[in-house]
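Since the model is a prediction, treat every value here as computed from it, not as a measurement. All chains are named by letter (A, B, ...) in the order of the sequence lines, taking the proteins before the strands, and each is independently numbered beginning at 1.
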Amino acid sequence: MKAPMPVYLTTPIYYVNDKPHIGHAYTSLATDVLARWHRLAGEEVYFLTGTDEHGQKVEKAAQDAGQDPQAFTDRVSQAFRDLTGAMNLSNDGFIRTTEPRHRAACQALWQRLAEKGEIYLGAYEGWYAVRDEAFYGPDELTERDGVKYAPSGAPVEWVREPSYFFRLSAWGDKLLKFYEDNPDFIQPATRRNEVMAFVKSGLTDLSISRTSFRWGVPVPGDDAHVMYVWMDALTNYITALGYPDEKAELWRFWPADVHMVGKDIVRFHAIYWPAFLMAADLPPPRRVFAHGWWTNEGQKISKSVGNVIDPLALVQEFGLDPVRYFLLREVPFGQDGDFSRAALTNRLNGELADALGNLANRVLSLIQRNCEGKLPGVARSDADSAGLFGAFLDPLESRMAQRLEKMEFHLALEAIFEAVREANGYITREAPWALKKTDPVRMLAVLRNLHDALRVFATLLQPFMPDTMARLLDQLGVPEEARSLSSLATPLPEGLALPTPAPLFQKIQNPA
RNA sequence: GGUGGUGUAGCUCAGCUGGUUAGAGCACGGCACUCAUAAUGCCGGGGUCGGCGGUUCAAGUCCGCCCACCACUACCA
């Protein structure tokens, strides 16, 4: 057995000034499925998620709440820790930027960059909106009654403050070469094009500190400054592995295999982050994958419209695994997609309950009734099953692996359901309930083949629907230790006693 | 404005380097079956492949123009 390759997967750290919404759940879920898949394949995985807790907005919100910032973030970050349980995320670590280890890592990285001459003190000035915690260009502003407003509607004021800068402008060519040498670094390709076009248009130095607020990591040697946004936030990915201690136990997981991000923060992950790392002589991550956004019943989601989707409410209504399944099945990962109750109901009823759930139930019921609940011996002899196995079941694992490698979650699931459809065709053609009288030996073979098919489906679907597939594997009599990908090669023993089957999925009765 | 992309059956989309009657899932209609969560299977209707022009023996598939929509266009998680 070869040594398992360490796999490091991350979500962004989520800003605690917001409540968890479907976007957070979506990013985390996709990463979770990948993590579970790699573990199922016997690889060693570190899956990290966490919260971003610094910044002026948090400082202000804490002040408004009459709490000190640490107590405030202790409270509001809880919602994100709760999300991991509610979505059944299998994260190995959860990092908060307010932890001492993160302060140490940020300061160490800063110092290293400073020593290498990548940081200098300058001044930042521009039109600033306190509410947005952001600067705006003059052409973005509108003026009413002598007051200038940002596109967000927030009033802006001209501010000038000293700031440390990172020499990002010097990294353009090196970044472009890095993108050329690593064509898969930014995915999907459309995001890569955007990033490269952006870099080609020329980079300016990046302001990486602020003096206008205190809630952040102090800049080493200059207590008047705290680190600003990305210098702080991005560093979390190496903090969690023990940086700056490159002898730390987890450090072998670096560089990250995938930073999963929403498309809004691609640039920071694909430009700033590799630049910081290369400047510090650290290897950049292998891949940044940007997924798309959800709309809600065709409408763009926004807080002002009030159509934000609460993942916990969804799970409450439809069940966790159907939601997990739907989010990754409905839309090509990387593209935008629409969430609708009709679509979710359709997937849940049609694919999960009718196609897969019903197949499992009919097969297991037949075995229960006609085989005294004991698993028939391995068959695979008849001509029809040769097609089922040869064209669908045997290639399924590698088909999924290939698609998941490319983050094609929806195609990976589609491959499963092509096989499920074929299995439904097989049972109808063979009609084991009729074979009982005409050819009982063949009936046993057919039922065994179908049981084998279900075992394949259940095993491969575990990363997507961990709880439900555990139930199915229980019903199939598959022992806990025989649920990995490699265990599929070992047939279950003839005569294995199977428990009484029960429906796996509950259908939505009155589709909207 | 610039850059990149999309426009194929009612809906969501596949269609690699141009080549026999343009495909899938869902939805819809008919038939079969009854082991199963009134589930499943089979058959079928339905498309001027955004528009115009061009290259070619041959174009959804290449070129030009036009129309519509989307993304990105700097320091906001």
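- Between the side chains of Gln78(A) and Asp74(A), not a single donor N or O lies within less than 3.5 Å of an accepting N or O.
- Between Phe392(A) and Phe457(A), the ring center distance fails the sub-6.0 Å criterion.
- Note: Phe166(A) and Trp171(A) have parallel aromatic rings, judged against thresholds of 30 and 60 degrees for the angle between ring planes.
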- request: Test ring-ring contact (aromatic ring centres under 6.0 Å, His included) on Phe80(A) and Phe94(A) and set out the steps.
  value: CA-CA 10 Å; Phe80(A) 288 93; Phe94(A) 189 102; 8.1 Å; no
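- Leu504(A) comes within 4.0 angstrom of a nucleotide base, judged by non-hydrogen atoms across all strands.
- The nucleotide whose nearest atom lies closest to any side-chain atom of Trp433(A) is, among U40(B), C76(B), C35(B), C35(B).
- In this structure, Trp293(A) atom CH2 and A71(B) atom C1' are separated by 13 Å, rounded to whole Å.
- Residue Arg369(A) is classed as a sugar-phosphate contact, given heavy-atom separations below 4.0 Å to backbone atoms only.
- Checking each of Met407(A), Gln187(A), Lys406(A) against Phe333(A) for a side chain to side chain contact (heavy atoms under 4.5 Å, CB included) leaves exactly one that passes, namely Met407(A).
- Each of Asp52(A), Val229(A), Thr51(A) was evaluated against Tyr15(A); a single residue qualifies, Asp52(A), per the side chain to side chain contact (heavy atoms under 4.5 Å, CB included) test.
- Rounded to whole Å, atom P of G25(B) lies 11 Å from atom CZ of Arg329(A).
- For the residue pair Ser163(A)/Ser207(A), the side-chain donor-acceptor check at 3.5 Å is satisfied.
- Computed from coordinates, the Glu125(A) CD to C75(B) P distance equals 15 Å when rounded to whole Å.
- If you check residues 414-425 of chain A against RNA chain B, the residues with a heavy atom closer than 4.0 Å are Arg421(A), Asn424(A), Gly425(A), listed by number.
- Between the CG atom of Asp354(A) and the P atom of U37(B) there is a distance of 12 Å, rounded to whole Å.
- The P atoms of U6(B) and C62(B) are separated by 10 Å, rounded to the nearest whole Å.
- Between the side chain of Thr190(A) and the base of A71(B), no donor-acceptor pair under 3.5 Å is found.
- Phosphate contact (OP1/OP2 of G41(B), side-chain N/O of Tyr426(A), threshold under 4.0 Å): absent.
- Among the heavy atoms of the strands lying under 4.0 Å from Leu203(A) is at least one base atom, whether or not backbone atoms are also near.
- Pro503(A) comes within 4.0 angstrom of a nucleotide base, judged by non-hydrogen atoms across all strands.
- Within 4.0 Å (heavy atoms only), Gly23(A) reaches no atom of the nucleic acid at all.
- Considering Thr11(A), Asp32(A), Thr49(A) as possible partners of Thr84(A), the one that fulfils the side chain to side chain contact (heavy atoms under 4.5 Å, CB included) test is Thr49(A).
- With C1' as the reference atom, C28(B) and U21(B) are 24 Å apart, rounded to whole Å.
- One donor-acceptor pair, N or O on each side, does fall under 3.5 Å between the base of C75(B) and the side chain of Tyr124(A).
- Of all heavy-atom pairs between Gly298(A) and Asp338(A), the closest is N-OD1, 2.6 Å.
- One atom, NE2 of His410(A), and another, C1' of G25(B), lie 12 Å apart when rounded to the nearest Å.
- Of the listed nucleotides (U37(B), C35(B), C75(B)), C35(B) has the atom at the smallest distance from the side chain of Ile427(A).
- In this entry the distance linking CG of Asn193(A) with P of G4(B) reads 9 Å, nearest Å.
- Here the side chain of Arg362(A) is nearest to one of C26(B), A77(B), A36(B), namely A36(B).
- Checking the phosphate oxygens (OP1, OP2) of C76(B), no side-chain nitrogen or oxygen of Trp230(A) falls inside 4.0 Å.
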- prompt: For RNA chain B, what is the dot-bracket line, given that a base pair needs Watson-Crick (N1 to N3, plus N6-O4 or O6-N4) or G-U wobble (N1-O2 and O6-N3) geometry with both distances under 3.5 Å, and | means paired with another strand?
  reply: (((((((..((((.....[...)))).(((((.......))))).....(((((..]....))))))))))))....
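- Nucleotides G5(B) and C65(B) are separated by 14 Å at their P atoms, to the nearest Å.
- Mapped onto RNA chain B by nearest heavy atom, Arg429(A) and Ala197(A) fall at different nucleotides, with Ala197(A) at the one closer to the 5' end.
- Residues Phe339(A) and Trp294(A) come closest through the heavy atom pair N-CE3, 3.5 Å.
- Between C42(B) and C13(B), the two P atoms lie 26 Å apart (nearest whole Å).
- On a pure distance criterion of 3.5 Å, a polar donor-acceptor pair joins the side chain of Asn358(A) and the base of A36(B).
- With 3.5 Å as the limit, one finds a donor-acceptor pair spanning the side chains of Ser28(A) and Tyr14(A).
- Rounded to whole angstrom, the span from the CG atom of Asn370(A) across to the C1' atom of U34(B) amounts to 14 Å.
- Nearest to the side chain of Thr428(A), among U40(B), C76(B), C26(B), sits U40(B).
- Note: His291(A) and Trp293(A) have perpendicular aromatic rings, judged against thresholds of 30 and 60 degrees for the angle between ring planes.
- Between Lys507(A) and A39(B) there is a side-chain N or O to OP1 or OP2 distance below 4.0 Å.
- The 5' end of RNA chain B is approached more closely, in terms of each residue's nearest nucleotide, by Pro332(A) than by the other of Phe198(A) and Pro332(A).
- Summarising the geometry, the separation between CD on Glu59(A) and P on A77(B) is reported as 15 Å, rounded to the nearest angstrom.
- Using atom P as the reference point in both G60(B) and G41(B), the two lie 34 Å apart (nearest Å).
- Rounded to a whole angstrom, the distance from the C1' atom of U61(B) to that of U56(B) is 13 Å.
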